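A short worksheet on the structure shown next.
Just so it is clear: chains get the letters A, B, ... in the order the sequence lines come, proteins before strands, and each one is counted from 1. Fair warning: this is a prediction, and the values are worked out from it, not measured in the lab.
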Amino acid sequence: MKDSVFRIDVFSKGKDYRGEALKKRLNSYGYAVEKIYVSDSYIVNASLSAEEAEKLSAALTNRVTQQFVIDKPYVLNNFDFALEIGFLPGVTDNVAHTVREIAEDLFKKEFDREKSFFSAVTFFIKGTDGNSAEMISAELSNPLINRTKIFSKSDYEKNGGFGVDLPIVHVKEHASADEVKIIDDDEYLSKLGKMGIEDERGFRGPLALDLPSMHAVRDYFLKVEKRMPRDIELEAIAQTWSEHCKHTIFSAEIDGEKDGVFKKYIRAATMEIIKRRGDNFCISIFEDNAGGIEFDENYMVSDKVETHNSPSALDPFGGSITGIVGVNRDEMGFGLGALPIANRYGFCLADPEDNDPIYRSKDKSSRMLSPRRIMEGVVSGVNSGGNTSGIPTPQGFVYFDKSYKGKPLVFVGTVGLLPKKINGKPSHIKKAQNGDLIVVAGGRVGLDGIHGATFSSEALSEGSPAGAVQIGDPITQKKMSDAIVKEARDMELYNSITDNGAGGISCSVAEMAKESGGFVVDLEKVPLKYPGLAPWQIWVSESQERMTFSCSPEKAQKLIDLFKSRGVEATVIGTFNDSSRAIVKYKGEVIFDLDMDFLHNGLPRKILSSVTEKCSNPHPAYAEPEHGVLLKEMLGRLNMSSFEFISKQFDHEVLSNSCTKPLQGKGRVNSNTSVIKPLFDSYKGVVLSQGMYPSYSDHDPYRMALASIDTAFRNAVASGANINKIAILDNFCWCDSLNPARLGQLKEAAKGCYDAAIAYNAPFVSGKDSMFNDFKGYDSSFKEVKISALPTLLVSSIAVCDDVRTAQTIDFKSEGDAVYLVGKTSKELCGSEYFSHLSEKGIISQGGVVPSTDCEKYISYYKKYSEAVSSSLIASSITLETGGLAFALSRSAMAGLIGAEIDLSSVSADSNLRDDEILYSESQGRILCSVRKDKKAGFEKLMGENAKQIGEVKGSKLCVKGISGKTIIDEEISLLHSVYKKRLAKY
Amino acid sequence: MAKVKALIMTGYGINCDAETKFAFELAGGEAEIIHINDLIKNKSLIKQFRIIAFPGGFSYGDDTGSGKAYANKIRNNLSEEFSEFVSGDNLVIGICNGFQIISNIGIVPGYSKLGEGDVALEHNNHGRYECGWVDLNVSENNSVFLRGIKSLHVPFAHGEGNFYAEESVMKRLVENKQDALRYSKNGSPAKGEYPFNPNGAMDDIAGITDVSGRILGMMPHPERYLYFCQREDWTYQKEMLEREGKKVPEYGEGLKIFQNAVEYFQ
């Protein structure tokens, strides 16, 4: 027999493309690296004969381009340092799982899932000294998930390579549920709520329960149950009651208003719209994992947008990949299971060139990842999660502001497709029945992702648990998704389904048990990655890629067998019942026994009060800049630059549903909308877009919300949506949300949401909030610092397009086409990208007015515009958003790689505007379009006074005449285009 | 006459199965998606089919190298059935991950025994996954799938599409006219120039056939361009055609590949 532990290294025989690409990347960040060779390393801990070891190595090697060595150093002459990056014990190692599957298929025997195979990548680096080897190691790894080894060439040779350290998890057995003392002492209770349960190893991590919640817990156990709680009960209550799960702030009584912000504004708007519409557009709203609207006679589409901010701050790759595959699961768990058909993303980030460090504690090793690392990480997380899952990712944005330096905002969304009826029964209705078995499918449970829900309910600080970090396994999920949505669903193998997200099975089982009225779980039946987990850890772990099902006893085995044949593990862990009790047993002993009603409804409502602060600064006085220079400066700003590097690495063509693309025109300019065609044999489409203006929030949150909804709505209209079939989603990412001033902003924004949704007849179908996007830590000189994200409201829109063949893109198409501006321009520049630019240059401070939004007025001409698009009267269409007219004009011209002559005196504007104000005002309700000459009359007749011709598509330059008649911009499109593309190109 | 049946392989992360099935159906054939484990369990199923398609996707997450693990699974469990299938008068197409799989199995270009590859699809030379559209030139060849096609505008999406073969293999490919698909720039060879050749592929190779012309492997995705409105620039093309008084086409250029396959059996 071969030694039971050995190492395989696989490396390129010829050119090493990965090494070369990495070298280039490191060079661009300033590392003096001459050459990098990469080897894939596999550490095997299994009884294999020498012959079997050879056979396995050959299976891991491409014989045309690669070679392998077993237990021998990969000897190269031309390197100075070797760097091995593997995973810390317990971190998901997807490659190792594949190697195990390869070995099992090859040798037709089973290996231990977690202890047999490990993967690492080894880099051999030429041209670096000790110091920068450390820096490169830090550049390529994350200490929260990776283990690294650095050897000089001589050490590498002396030691015969990196050897075979096994990252096996050793958990000190703690297989019982501990009683936790509850006493009537506020100081004690506060500490317990804030710091979590204390055991011999210290505090386990925050429960994030405030004092009123702890009082409810105290009263329940002392007065109702008349016993002390066990740790698992407290942990589960904390998960179920977390801000993340219960939206305690959104539903709190505020300023004496019993209904709370969500119910009074968001939900109320939708209910009123549903009543008024009286149609079947809204099918499943606010009740399920996503919101569902009618697509056509036979199908509905569902949509959900999530945030994954806190995890992404610590491990941006892991945070964003678990975010995207998590929201995919929301669709798989919508109704009886929707097919994910498109992903959305949105990243709010700090300047990637900002290298000024910040720290979580007064300790150099607690340095937060740099904004650049966070950007790269969140982008590659969605790349890996979306691409690997085979779900297109057409729609997204990036937004930069320094307030996102402490915690980035990572929005991830997924659109689903679901037949309205499955075997004749409505697909959005599901119910766990009394006596159904609880089946959990997918990945196994480990220590990863414990305290995710409670962690994201707090500000990021020193005490934030690193154990909350996890890495997704999109392939396990893909196998499970196919088995559910393409097979089990239509075979009716389950009565109810939901995903495991925050709080793991503690939340999914308890949530689904509301449908039947109670449950009993045998916790020892939950498959574990490794032994030794305490019961509470099994119950609340957020280990990824798991779904929970309610199955009638005669069908459970069929479901489990189906999953098995698709390479997915599934297990019965208990029973749903109607006992009104939530019961968990561990090896026969009851360790959790709570009243269902207390678990779900025992949380005392928060009572909050807010203050509304009116801040008004006058419109600043400053000299008008030189326009050619200004335009190029603006196009080079982070928020205006092309993010093609992101768009092109997300597969938007898979599933064959893409119609209008993330990069449009010959000039490949980022668009704000995507049109997809969900069914192979139908031209009916779905339009996806969004609107967001965080820079308005601190000046006028009410107008910010109106503008966001108007933009999301207008984008959909401009690209071809049926104006009567537009729905919206809200994502509030607030900061410091117990602060009355922040709550005042929240309330104002919610009011804006209500007003705009009602005016546009566009219901909110789903939403999510994240209330504490604050970072508390230390700056570069270890002074305390708090960084709060701008109050950020993302409004996403999803709409039906009756025929994708009439959808429109942003690029000017042809010389001679007339350029029209729809809507009116006012002096509304407060919070605009232009004023941000001037502020950053020290020329002004923000002031003036935030753009107002007159929904009633806009909707009348949006209807006409929508008709113009669907009857193909226009040849290009783009809305005016951040950056105003100047940016919209530039984008249409750059996308078409064709110039335009524009006359600002033709713009329908208030009389007091200067040229720069007309060009950069962010007045809402405006759309820029081009119209073929022979269609002008038809277009003008339809639009009337609401559209004014402001110029013509012409030549190779953008020429703009100011109101005085003087040419103020005269720039080659090719030059503007190169400025626009440059800033983020190196990433 | 009974419609010809195509077997669409799936499982372990293949993700273009549904659209590939639809492509064969739109082309006039019949198609069925079968999970590799079901095929292993019931190997004789393969006899019902005259076409096997390996669609695109991320089988086994591309771990240990794209296509490798799925190819191993075929070799370990279905080599007899596959050998028999490819030696008969049947067709096989591998698209993207499917091309990576069939080149690992070795049935394109088909110079070694089953299970031994002769060509490789390496990491893109820029080191990143990328999605976009490319133009291909079709050189003189005997591929059933490419009959009557001179050029193709088609989308691609991959992280490992960088074609490589040793000099002797490359020479043989050219001599045998198996070097069917090459990335092009305005009709001329891309000569490795990015983004026309999007991955650094040797000699601009985007796809190759076996010697008989019955097996095709290609990196780009013809099943993603069945309708005109899937084209990345269709709104522009539509405007131009309308202005010239021409009809806007209904279908996309990718469809022909599937039609050729179906017609082969008629």
Residue among A:Arg25, A:Glu20, A:Glu101 with most heavy-atom pairs under 4.5 Å to chain B: A:Glu101
Toward chain A, the part of B:Glu250 with a non-hydrogen atom under 4.5 Å: both
Partner chain A: residue of B:Asn72, B:Val248, B:Thr235 with the largest heavy-atom pair count (under 4.5 Å): B:Thr235
NZ on A:Lys648 to OH on B:Tyr129, rounded to 0.5 Å: 14.0 Å
Salt-bridge present (B:Arg243, A:Asp934; N to O < 4.0 Å): no
Toward chain B, the part of A:Glu653 with a non-hydrogen atom under 4.5 Å: both
B:Asp63 side chain reached by A:Ile475 side chain, heavy atoms, under 4.5 Å: no
Within 45° cone of B:Tyr12 ring axis and under 6.0 Å: A:Lys479 NZ or CZ: no
Top contributor to chain B contacts, counting heavy-atom pairs under 4.5 Å, from A:Val568, A:Asp473, A:Leu655, A:Asp40: A:Leu655
Engaged part of A:Arg932 at the chain B interface, taking heavy atoms whose separation is under 4.5 Å: both
Residue part contacting chain A, namely of B:Tyr225, when any heavy atom lies under 4.5 Å: neither
Under 4.5 Å from a heavy atom of chain B, the part of A:Ile646 involved: neither
A:Lys108 atom NZ: more than 12 heavy-atom contacts under 6.0 Å: yes
B:Lys43 atom NZ, neighbour heavy-atom count above 12 within 6.0 Å: yes
B:Glu122 portion near chain A, given a 4.5 angstrom heavy-atom threshold: side chain
Part of A:Gln664 within contact of chain B (heavy atom distance under 4.5 Å): neither
Part of B:Asp62 lying under 4.5 Å from any heavy atom of chain A: neither
Considering all heavy atoms, the nearest B:Glu166-A:Val64 contact: OE2-O, 4.0 Å
Any donor-acceptor pair under 3.5 Å from B:Lys238 side chain to A:Arg805 backbone: yes
Which atom of A:Ala21 lies closest to which atom of B:Gly127, heavy atoms considered: CB-CA, 3.5 Å
A:Ala58 portion near chain B, given a 4.5 angstrom heavy-atom threshold: neither
Close side-chain approach of B:Trp234 and A:Thr660, heavy atoms under 4.5 Å: yes
Residue, of A:Asp482, A:Val95, A:Thr388, that accumulates the most heavy atom pairs under 4.5 Å with chain B: A:Thr388
Sub-4.5 Å side-chain heavy-atom contact between B:Glu232 and A:Lys661: yes
Segment of A:Gln477 engaging chain B (4.5 angstrom heavy-atom cut-off): neither
Interface residue of largest heavy-atom contact number with chain A, from B:Asn76, B:Leu26, B:Ile40, under 4.5 Å: B:Asn76
Where B:Cys229 and A:Tyr683 come nearest, the two heavy atoms and their spacing: SG-CE2, 3.8 Å
Option that, when pairs with chain B are counted at under 4.5 Å, heavy atom only, ranks first among A:Arg668, A:Lys478, A:Gln649: A:Gln649
A:Arg63 side chain vs B:Gly117 backbone, donor-acceptor pair below 3.5 Å: yes
Note, A:Val99 side chain near B:Thr64 side chain (heavy atom, < 4.5 Å): yes
Segment of A:Asp803 engaging chain B (4.5 angstrom heavy-atom cut-off): neither
B:Asn125 side chain vs A:Tyr17 backbone, donor-acceptor pair below 3.5 Å: no
Interchain contact, B:Glu242 with chain A, by part (heavy-atom threshold 4.5 Å): both
Over 12 non-hydrogen atoms of neighbours within 6.0 angstrom of CD in B:Glu167: no
Contact origin within B:His123 toward chain A - heavy atom pairs under 4.5 Å: both
Nearest non-hydrogen partners of A:Asn387 and B:Asn15, listed with the distance: O-ND2, 3.9 Å
Worked check of side-chain contact (heavy atoms from CB on, under 4.5 Å) between B:Glu239 and A:Ser814: CA-CA 8 Å; B:Glu239 279 294 325; A:Ser814 180; over 6 Å; no
Neighbour count >12 (heavy atoms, 6.0 Å) for atom NZ, A:Lys55: no
Between B:Asn37 and A:Lys564, a side-chain donor and acceptor under 3.5 Å: no
Toward chain B, the part of A:Lys677 with a non-hydrogen atom under 4.5 Å: side chain
Contact origin within A:Ser658 toward chain B - heavy atom pairs under 4.5 Å: backbone
Segment of A:Thr61 engaging chain B (4.5 angstrom heavy-atom cut-off): backbone
B:Val169, part contacting chain A, at a heavy-atom distance under 4.5 Å: neither
Contact class of A:Ser872 relative to chain B, heavy atoms under 4.5 angstrom: side chain
Pairwise distance CZ(A:Phe645) to CD(B:Glu130) - rounded to 0.5 angstrom: 13.0 Å
Contact class of B:Phe22 relative to chain A, heavy atoms under 4.5 angstrom: side chain
Distance-minimising heavy-atom pair for A:Arg566 and B:Asp38: NH2-OD2, 2.7 Å
Where B:Cys16 and A:Val654 come nearest, the two heavy atoms and their spacing: SG-CG2, 4.0 Å
Distance (rounded to the nearest 0.5 Å) between A:Lys24 NZ and B:His126 NE2: 10.0 Å
Top contributor to chain A contacts, counting heavy-atom pairs under 4.5 Å, from B:Ala120, B:Ala157, B:Gly13, B:Pro155: B:Ala120
Main-chain N/O of B:Cys131 paired to A:Asp651 side chain as donor or acceptor, under 3.5 Å: no
B:Asp17 versus chain A, the contacting section by heavy-atom distance below 4.5 Å: side chain
Which of B:Tyr60, B:Phe156, B:Tyr164 touches chain A most, by non-hydrogen pairs under 4.5 Å: B:Tyr60
Backbone N/O of A:Ser656 and side chain of B:Gln230: donor-acceptor pair under 3.5 Å: yes
Contact origin within B:Leu226 toward chain A - heavy atom pairs under 4.5 Å: neither
Any donor-acceptor pair under 3.5 Å from A:Lys666 side chain to B:Asp233 backbone: no
Pair A:Asp105 + B:Arg75: basic N to acidic O under 4.0 Å: no
OG on B:Ser66 to CG on A:Asn62, rounded to 0.5 Å: 8.5 Å
Side-chain donor/acceptor of B:Lys68 to backbone N/O of A:Leu60, under 3.5 Å: yes
Region of A:Asn94 in contact with chain B, defined by heavy-atom distances below 4.5 Å: both
